[in-house]
Participant: 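Structure incoming, see below.
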Amino acid sequence: LSDSINFTQLYHPEDRQYVLDTIDQALDNGRKYQIRYRIQHRNGEWRWVDEIGTGVYDATKLNLIERFVSDITLQKQAEEERLAKIAKLERQTEQERRKAEDERLAKEAEAERLRQEKAEKAEAERIARLEREKEAERQRVERERLCVIKPVMTDAQIAQCKEVWR
């Protein structure tokens, strides 16, 4: 008997209290239970198991626990791989969404930069036009100042006024 092992000694340390509490609660209430947890295989590896059990009672006293334990390690690994793939796809999707959002924002920024550049160019052209108009007005005023028609003018003054008014 010294080589015998109590089944509870095989429970994974992180699962032990959960398993014991779940089974105790079900047995105390006379209910069946189903639970998943890890146990240690004789080779030292941790295996996932699914256990279904119920108490067998004699009148009101628990005589034994009837349980069925099945190794679900491969299923659990497949589920973990599936979840890892889903998580990877979600990360990729999020990266693609962020990339698309970054590209959209970059396009908007470029469009805004071009709009701003166009507005600045239009403003520069407007200012240049106003400066040309101002210069033309200044020249007109200067011409008028230089070419005041007088009752008596020399031929040179008349020629100069004709040149100014062209």
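What you see is a predicted model, and the numbers here were worked out from it, not measured in a lab.
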Participant: Return the set of residues passing ring-ring contact (aromatic ring centres under 6.0 Å, His included) with Tyr33 (not counting sequence neighbours), or none when no residue passes.
Facilitator: none

Participant: Quick one: name the residues clustered hydrophobically with Val56, using the 4.5 Å side-chain heavy-atom rule over I, L, V, M, F, W, Y, and just say none if it's on its own.
Facilitator: Leu64

Participant: Check the pair Glu112 / Arg115 against salt bridge (charged side-chain N to carboxylate O under 4.0 Å, His left out), numbers first and verdict last.
Facilitator: CA-CA 5 Å; Glu112 180 59 29; Arg115 277 191 295 275; 2.9 Å; yes

Participant: For Glu90, what residues pass the side-chain contact (heavy atoms from CB on, under 4.5 Å) criterion, not counting sequence neighbours?
Facilitator: Ile86

Participant: Would a distance-only check, ignoring hydrogens and angles, find a side-chain to backbone donor-acceptor pair under 3.5 Å from Gln157 to Thr154?
Facilitator: yes

Participant: How long is the straight-line distance from CD1 of Ile39 back to CD of Glu45, given to the nearest 0.5 Å?
Facilitator: 12.0 Å

Participant: Shortest non-hydrogen contact from Thr54 to Leu27?
Facilitator: C-CD2, 4.1 Å

Participant: List for me each residue that meets side-chain contact (heavy atoms from CB on, under 4.5 Å) alongside Glu137, sequence neighbours excluded, and say none if there are none.
Facilitator: Arg140, Val141

Participant: Let me confirm one number: the NZ-CD distance from Lys121 to Glu125, rounded to the nearest 0.5 Å.
Facilitator: 5.5 Å

Participant: Does a side-chain N-to-carboxylate-O contact under 4.0 Å join Glu51 and Arg36?
Facilitator: no

Participant: Which atoms form the tightest heavy-atom contact between Arg16 and Gln9, and what is the distance?
Facilitator: NH2-O, 3.6 Å

Participant: Is any side-chain N of the basic residue among Glu110 and Arg113 closer than 4.0 Å to the acidic one's carboxylate O?
Facilitator: yes

Participant: Determine which pairs satisfy salt bridge (charged side-chain N to carboxylate O under 4.0 Å, His left out) with at least one residue from residues 92-101, sequence neighbours left out, and list them in order.
Facilitator: Glu94-Arg97, Glu94-Arg98, Glu101-Arg104

Participant: Just do the salt bridge (charged side-chain N to carboxylate O under 4.0 Å, His left out) check on Lys76 and Glu80 with the steps written out, would you?
Facilitator: CA-CA 6 Å; Lys76 194 71 172 172; Glu80 288 172 359; 5.2 Å; no

Participant: Which residues end up grouped with Phe68 if you chain together Ile, Leu, Val, Met, Phe, Trp and Tyr wherever their side-chain heavy atoms are less than 4.5 Å apart?
Facilitator: none

Participant: So, for Val49 and Asp71, which heavy atoms are closest and what is the spacing to 0.1 Å?
Facilitator: CG1-CA, 4.3 Å

Participant: With sequence neighbours excluded, tell me which residues meet side chain to side chain donor-acceptor pair (under 3.5 Å) with Gln92.
Facilitator: none

Participant: By ring-ring contact (aromatic ring centres under 6.0 Å, His included), which residues pair with Tyr57, not counting sequence neighbours?
Facilitator: none

Participant: CD1/Ile5 to CD/Gln40 distance, rounded to the nearest 0.5 angstrom?
Facilitator: 9.0 Å

Participant: Run through the side-chain heavy atoms of Ile, Leu, Val, Met, Phe, Trp and Tyr, join any pair under 4.5 Å, and report what else lands in Ile52's cluster.
Facilitator: none

Participant: Between atom CG of Asp28 and atom CG of Leu62, what is the distance when rounded to the nearest 0.5 Å?
Facilitator: 9.0 Å

Participant: How would you list, by chain and number, every residue that makes a ring-ring contact (aromatic ring centres under 6.0 Å, His included) with His12, sequence neighbours excluded?
Facilitator: Trp46

Participant: Out of curiosity, Asp102 CG to Gln95 CD, how far, rounded to the nearest 0.5 Å?
Facilitator: 11.5 Å

Participant: Which residues satisfy the side-chain contact (heavy atoms from CB on, under 4.5 Å) test with Asp58, sequence neighbours excluded?
Facilitator: Asn63

Participant: So do Val69 and Arg67 actually touch side chain to side chain, heavy atoms under 4.5 Å?
Facilitator: yes

Participant: Atom CZ of residue position Arg31 - does it have more than 12 heavy atoms of other residues, nucleotides or ligands inside 6.0 Å?
Facilitator: yes

Participant: Can you confirm whether the side chains of Gln75 and Glu79 place a donor and an acceptor under 3.5 Å from each other?
Facilitator: no

Participant: Please report the interatomic distance CG(Asp50) to OG1(Thr73), rounded to the nearest 0.5 Å.
Facilitator: 11.0 Å

Participant: State whether the number of non-hydrogen atoms from other residues, nucleotides or ligands found under 6.0 Å of Asp155 atom CG is greater than 12.
Facilitator: no

Participant: How about Glu142: does its CD atom have over 12 heavy atoms from other parts shown lying under 6.0 Å from it?
Facilitator: yes

Participant: Quick check on the 6.0 Å ring-centre criterion: do Tyr11 and Tyr37 meet it?
Facilitator: yes

Participant: To which residues is Ile72 joined in a hydrophobic cluster, defined by side-chain heavy-atom contacts under 4.5 Å among Ile, Leu, Val, Met, Phe, Trp and Tyr, whether direct or through other members?
Facilitator: Trp48

